Amino acid sequence: MIFIGHSMINANQLKATNFTDEQKETIDRMSQYQVRYSFFNHEHLQFDLHMRQATIQAARDLFASKARFTTFQNAKCNDRFWRLTDQGGFQLKYGNLPSDAIRDIFQNGTLYGFECATSIVIIFYKAVLESINLDQFNRIYQGMYLRDWQTDDDLPIYTRRGNDFLPGDCLYFNNPQFDPNKPQWRGENVIDLGNGLYFGHGIGIKTSEGIIESLNTRRKPYATESAYLLSQVTRLDDHYLFQFSNEAHQRRHTPHFLAANKIVGKIGQCSFSA
């Protein structure tokens with residue numbers, strides 16, 4: 001169910017707008033699930049759909065970049081932008097713009113190696129980069145550090161139980177009888193690309209069946225339990241990130257908003273800061 005404000009929105013009316021196939025699929029899935037997807041206004045919904053599309057494109061671009069799948073012990077990065085830590089993480093070097101450093105991963109992928117959780121965080125950062133105001137991105141992510149699920153406070157990622165999967169979400173295929181000599185294959189984080197396809201770093205772009213088949217070849221000897229898709233969804237907090245969008249940024253700098261903000265300030269309430 002899709003709500004804008006307090007009003008439930010008809011999916012067919014939304015799809016009359018010029019959306020991509022993946023965005024139309026997202027609208028269809030949202031409208032069919034018995035989950036309430038709430039948005040402040042039409043701009044917020046468009047922001048969420050755009051960020052999901054950017055997530056899908058970032059996943060495809062990361063696959064095309066030839067960045068290598070590897071363990072934390074063997075991680076590597078471009079030392080022009082990043083310092084490789086003893087734990088296999090990438091710390092942004094002082095003096096570099098976060099936007100340039102993230103883009104470099106996609107442009108010079110052969111210089112990088114990381115595991116699947118870090119790949120999801122990189123994809124999410126790239127999606128946010130393509131969705132919010134550039135100056136805001138470079139301001140709020142100055143201390144960027146990439147390793148596993150460790151992210152900046154301003155990149156809010158949350159995980160919950162559920163099967164309401166949407167294009168642009170991160171899903172997880174569990175591999176309960178993985179080869180103990182290769183613990184990196186205990187499961188695979190993937191991005192839902194829509195149209196029945198998923199991207200998993202180290203596995204590639206495959207159907208659900210293809211992901212499971214790949215994981216099943218990485219089980220311990222004589223394993224009998226198949227890999228499977230977990231009833232769990234991980235996604236970006238679009239409500240929080242919307243405040244940094246170009247639309248919100250422009251609105252905060254209009255005379256009408258500034259005048260209203262002065263009045264709100266006088267009565268002791270707060271609003272998002274620019």
Side-chain angles (χ1 to χ4, degrees), residues 22 51 53-131 134 137-138 141-152 155 157 168 170-173 175 178-179 181-194 197-207 210-211 213-215 217-218 234 236:
E22 293 86 358
M51 190 162 61
Q53 186 70 47
T55 302
I56 293 168
Q57 188 59 53
R60 291 185 176 277
D61 290 345
L62 188 63
F63 177 59
S65 76
K66 309 291 186 190
R68 190 163 62 93
F69 175 84
T70 190
T71 61
F72 291 116
Q73 292 82 1
N74 298 311
K76 65 175 185 175
C77 57
N78 185 352
D79 60 9
R80 177 185 170 189
F81 293 97
W82 306 94
R83 180 180 65 83
L84 181 64
T85 69
D86 294 338
Q87 294 75 38
F90 307 159
Q91 180 69 61
L92 181 67
K93 284 186 173 180
Y94 179 77
N96 287 300
L97 291 176
S99 58
D100 291 342
I102 286 294
R103 287 188 175 121
D104 185 70
I105 299 173
F106 293 82
Q107 294 167 354
N108 295 296
T110 56
L111 300 178
Y112 292 85
F114 40 81
E115 44 60 69
C116 70
T118 300
S119 76
I120 299 298
V121 171
I122 290 170
I123 288 168
F124 278 158
Y125 269 120
K126 182 63 159 56
V128 173
L129 170 59
E130 300 300 333
S131 303
L134 179 61
F137 184 92
N138 287 323
Y141 298 129
Q142 291 178 18
M144 186 179 288
Y145 177 66
L146 305 176
R147 187 189 186 280
D148 199 15
W149 288 106
Q150 299 180 47
T151 63
D152 192 286
L155 188 76
I157 299 172
C170 170
L171 311 180
Y172 187 74
F173 285 84
N175 193 15
F178 64 91
D179 184 344
N181 295 317
K182 298 178 179 179
Q184 64 269 31
W185 295 113
R186 67 177 63 245
E188 180 77 353
N189 293 286
V190 303
I191 293 294
D192 185 334
L193 303 177
L197 293 175
Y198 305 86
F199 166 72
H201 185 53
I203 289 181
I205 295 176
K206 297 181 182 292
T207 62
I211 299 287
E213 182 180 349
S214 294
L215 288 174
T217 64
R218 297 170 168 97
T234 299
L236 290 164

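Being a predicted model, the structure only gives us computed values, none of them experimental.
- Put simply, the side chain of Glu115 gets close to the backbone of Thr118: a donor and an acceptor are under 3.5 Å apart.
- Put simply, the side chain of Lys182 does not reach to within 4.5 Å of the side chain of Arg218, judged on heavy atoms.
- Distance CZ/Arg147 to CZ/Phe72: 4.0 Å, rounded to 0.5 Å.
- Here the options are Ile122, Thr85, Leu92, the test is side-chain contact (heavy atoms from CB on, under 4.5 Å), and the partner is Leu146; only Ile122 passes.
- When all heavy atoms of Asn181 and Pro183 are compared, the pair lying nearest together is C-CD, 3.5 Å.
- Separation of atoms OG1 (Thr110) and NZ (Lys66) is listed at 10.5 Å; rounding is to 0.5 Å.
- Residues Gly202 and Phe69 come closest through the heavy atom pair CA-CB, 3.5 Å.
- Between Thr55 and Ile123, the shortest heavy-atom distance links the atoms O-CG2, 3.5 Å.
- Taking the six-membered ring for Trp and the full ring otherwise, Trp149 and Phe124 have centroids separated by 6.0 Å or more.
- Two residues are said to be in side-chain contact when any heavy atoms from C-beta on lie closer than 4.5 Å; Arg60 and Leu197 meet this criterion.
- Taking 4.5 Å as the limit, every side-chain heavy atom of Thr234 sits out of range of all side-chain heavy atoms of Tyr172.
- Minimum interatomic distance between Ala75 and Leu84 (heavy atoms only, all atoms of both residues): O-CD2, 3.4 Å.
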Before giving the answer on side chain to side chain contact (heavy atoms under 4.5 Å, CB included), spell out for Met144 and Trp82 the whole-Å C-alpha distance, their side-chain angles and the decisive distance to 0.1 Å. CA-CA 10 Å; Met144 186 179 288; Trp82 306 94; 3.5 Å; yes
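- Using modelled atom types, one side-chain atom of His201 and one backbone atom of Arg68 make a donor-acceptor pair closer than 3.5 Å.
- Between Lys206 and Val190 there is no side-chain heavy-atom pair separated by less than 4.5 Å.
- Looking at heavy atoms from C-beta onward, Tyr198 lies out of side-chain contact with Leu193 at the 4.5 angstrom threshold.
- Screening residues 78-98 for salt bridge (charged side-chain N to carboxylate O under 4.0 Å, His left out) gives no qualifying pairs among residues at least two apart or on separate chains.
- At least one donor-acceptor pair closer than 3.5 Å links the side chain of Asn175 to the backbone N or O of Leu215.
- With contacts defined as side-chain heavy-atom distances shorter than 4.5 Å, the pair Asp179/Trp185 does not qualify.
- The two atoms that bring Asp148 and Ala117 nearest to each other are OD1-CB, 3.1 Å, heavy atoms only.
- By the side-chain hydrogen bond (donor to acceptor under 3.5 Å, both in side chains) test, Asp152 is found to be paired with no residue, residues two or more places apart in sequence or in another chain being considered.
- More than 12 non-hydrogen atoms from other residues, nucleotides or ligands lie less than 6.0 angstrom from CD of Gln87.
- The side-chain heavy atoms of Ile105 and Phe114, taken from C-beta on, include a pair separated by under 4.5 Å.
- Note that the CZ atom of Phe137 and the CD1 atom of Ile102 stand 5.5 Å from one another [nearest 0.5 Å].
- Distance OG1/Thr151 to CG/Leu236: 9.0 Å, rounded to 0.5 Å.
- Residues Met51 and Val128 have side chains in contact (heavy-atom distance under 4.5 Å, counting atoms from C-beta outward).
- Note that CD of Gln57 is 13.0 Å distant from CD1 of Ile191, once rounded to the nearest 0.5 Å.
- The CG atom of Asn189 sits 9.5 Å away from atom CG of Leu171, with the distance rounded to the nearest 0.5 Å.
- Pairing each heavy atom of Ala54 with each of Ser131, the nearest pair is CB-OG, 4.0 Å.
- With sequence neighbours excluded, the residues that form a salt bridge (Lys or Arg N to Asp or Glu O under 4.0 Å) with Glu130 are Lys126.
- Side-chain N/O atoms of Asn78 and Asn108 include no donor and acceptor closer than 3.5 Å.
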